[in-house]
Amino acid sequence: MGTGMSFVTFKHGVFAEQFHVNQADANLAHLPEHVSLEQAVMISDMMTTGFYAAELAEIKPGDTVACFGIGPVGLMSLAGAQIMGASHLIAVGSHPAAIKVAKEYGAHDIVDYHNGSTVEQIMDLTDGKSVDKVVIGGGGKDTLSEALSILKVGGIIGNVLHYDGIETIPIDGLSWGQGLADKTIRGGVCPGGRARMEKLANLIEYGRFDSSKLITHKFDKFDDIEEAIILIRDKPRDLIKPAVILDD
């Protein structure tokens with residue numbers, strides 16, 4: 001297993017049957033015996049990215065946490081929050097397939113933005129007390145402002161959402177105490193490398209976590225890669241993540 005932005009943005013050949021891996025000793029990890037290919041394929045991107053949001057938010061045991069977005073990355077940030085000790089987990093999303101998996105990963109409440117203000121729904125669920133931490137794995141240009149609005153003073157937002165194509169991200173001044181509310185916003189590209197992949201694989205190997213729940217569409221032929229990519233582009237409502245598993 002390997003990870004790295006260079007493989008998906010600069011380097012050609014990652015969809016070939018064989019390809020060259022830069023600095024292989026640092027970027028490839030042996031797959032443990034009791035980790036399936038279905039579980040492993042989600043480690044090096046979805047799992048490490050989503051878990052990083054929970055790490056950025058510095059979630060502590062007993063924290064009330066809101067998770068914006070329950071796509072594959074958002075579901076992994078939710079799962080990361082649960083593993084790090086969150087008590088009350090609130091997930092924001094609407095797709096039925098994702099809601100089912102969100103509950104399996106520890107979500108206690110689901111907030112559907114089609115049913116009214118996300119901020120008001122979350123404040124109702126916390127009896128007006130706000131949340132201790134927020135993880136953002138999906139959303140739009142207003143998500144950060146919404147996250148600030150439901151975050152307690154002294155809280156932390158862990159963001160791994162790429163606001164692609166958005167030049168300006170609005171922040172409501174009142175929700176940030178006009179800049180004085182002591183609310184921290186943290187974001188970044190997730191770490192990779194062999195050591196991190198081995199640690200994440202350990203969670204699966206010893207039964208602490210199952211990343212394969214993300215897979216809703218499975219293929220078993222090399223020629224199926226194009227169909228899987230088209231699914232990602234079209235985003236049908238029953239899709240979380242497709243996987244092409246080649247056992248040979």
Closest heavy-atom contact between A54 and G80? CB-C, 3.7 Å
Apart from L174 itself, what residues make up its hydrophobic cluster when side-chain heavy atoms of I, L, V, M, F, W and Y under 4.5 Å apart count as a link, directly or indirectly? none
Closest non-hydrogen atoms of V160 and G188, given as atom of the first, atom of the second and distance, are CG1-O, 4.0 Å
Quick one: are I90 and V111 in side-chain contact, heavy atoms under 4.5 Å? yes
Run the side-chain hydrogen bond (donor to acceptor under 3.5 Å, both in side chains) test against K133 and tell me which residues pass, sequence neighbours left out. D63
Which pairs with one or both residues in residues 33-71 pass ring pair (Phe, Tyr, Trp, His ring centres under 6.0 Å), sequence neighbours excluded? F51-F209
Quick one: closest heavy-atom pair of R208 and I83, and the distance? NH2-CG2, 3.8 Å
Heavy atoms, side chains only, cut-off 4.5 Å: are M42 and M76 in contact? no
Taking every non-hydrogen atom, the tightest pair across H108 and S87: CE1-O, 2.6 Å
Minimum side-chain heavy-atom gap T118-D142 below 4.5 Å: no
When T126 is tested against each of D109, D132, T64, I150 for side-chain contact (heavy atoms from CB on, under 4.5 Å), which residue passes? T64
Are more than 12 heavy atoms from other residues, nucleotides or ligands located less than 6.0 Å from atom CD of E226? no
Derivation and outcome, side-chain contact (heavy atoms from CB on, under 4.5 Å), residues M197 and T48: CA-CA 8 Å; M197 298 304 106; T48 187; 4.0 Å; yes
Can you check whether D234 reaches L239 side chain to side chain, under 4.5 Å on heavy atoms? no
Where do V92 and T143 land on the side-chain contact (heavy atoms from CB on, under 4.5 Å) test, with the steps shown first? CA-CA 10 Å; V92 180; T143 301; over 6 Å; no
Report yes if the side chains of L144 and L161 come closer than 4.5 Å at any heavy-atom pair, otherwise no. no
Please indicate whether E104 has more than 12 foreign heavy atoms, meaning atoms of other residues, nucleotides or ligands, lying under 6.0 Å from its CD. yes
So ring pair (Phe, Tyr, Trp, His ring centres under 6.0 Å) across residues 159-195, not counting sequence neighbours, yields none
Please test K221 against F219 for side-chain contact (heavy atoms from CB on, under 4.5 Å), starting from the C-alpha separation and ending with a verdict. CA-CA 6 Å; K221 298 182 180 62; F219 303 90; over 6 Å; no
Tell me whether I110 shares a hydrophobic cluster with M123, the cluster being built from Ile, Leu, Val, Met, Phe, Trp, Tyr side chains joined at under 4.5 Å. no
Identify each donor-acceptor pair in which a side-chain atom of residues 199-207 lies under 3.5 Å from a protein atom, sequence neighbours left out, and give them as a table.
residue	atom	partner	partner atom	Å
N202	ND2	E198	O	3.4

May I ask whether V244 and I230 are part of the same hydrophobic cluster, defined by side-chain heavy atoms of I, L, V, M, F, W, Y residues being less than 4.5 angstrom apart, directly or through others? no
Closest approach of N22 and N27, non-hydrogen atoms and distance? O-ND2, 3.0 Å
Would you indicate whether the side-chain heavy atoms of I70 and H95 approach each other to under 4.5 Å? no
Greater than 12 external heavy atoms within 6.0 Å of K152's NZ: yes
Indicate if V41 and V101 have the same hydrophobic cluster label, given that clusters are the connected sets of ILVMFWY residues with side-chain heavy-atom separations under 4.5 angstrom. yes
Linking Ile, Leu, Val, Met, Phe, Trp and Tyr through side-chain heavy atoms less than 4.5 Å apart, which residues share a cluster with I232? none
Tell me the closest heavy-atom pair linking T49 and V73, and the distance in Å. CG2-CG1, 3.8 Å
What's the spacing between D182 CG and I156 CD1 if we round to 0.5 Å? 9.0 Å
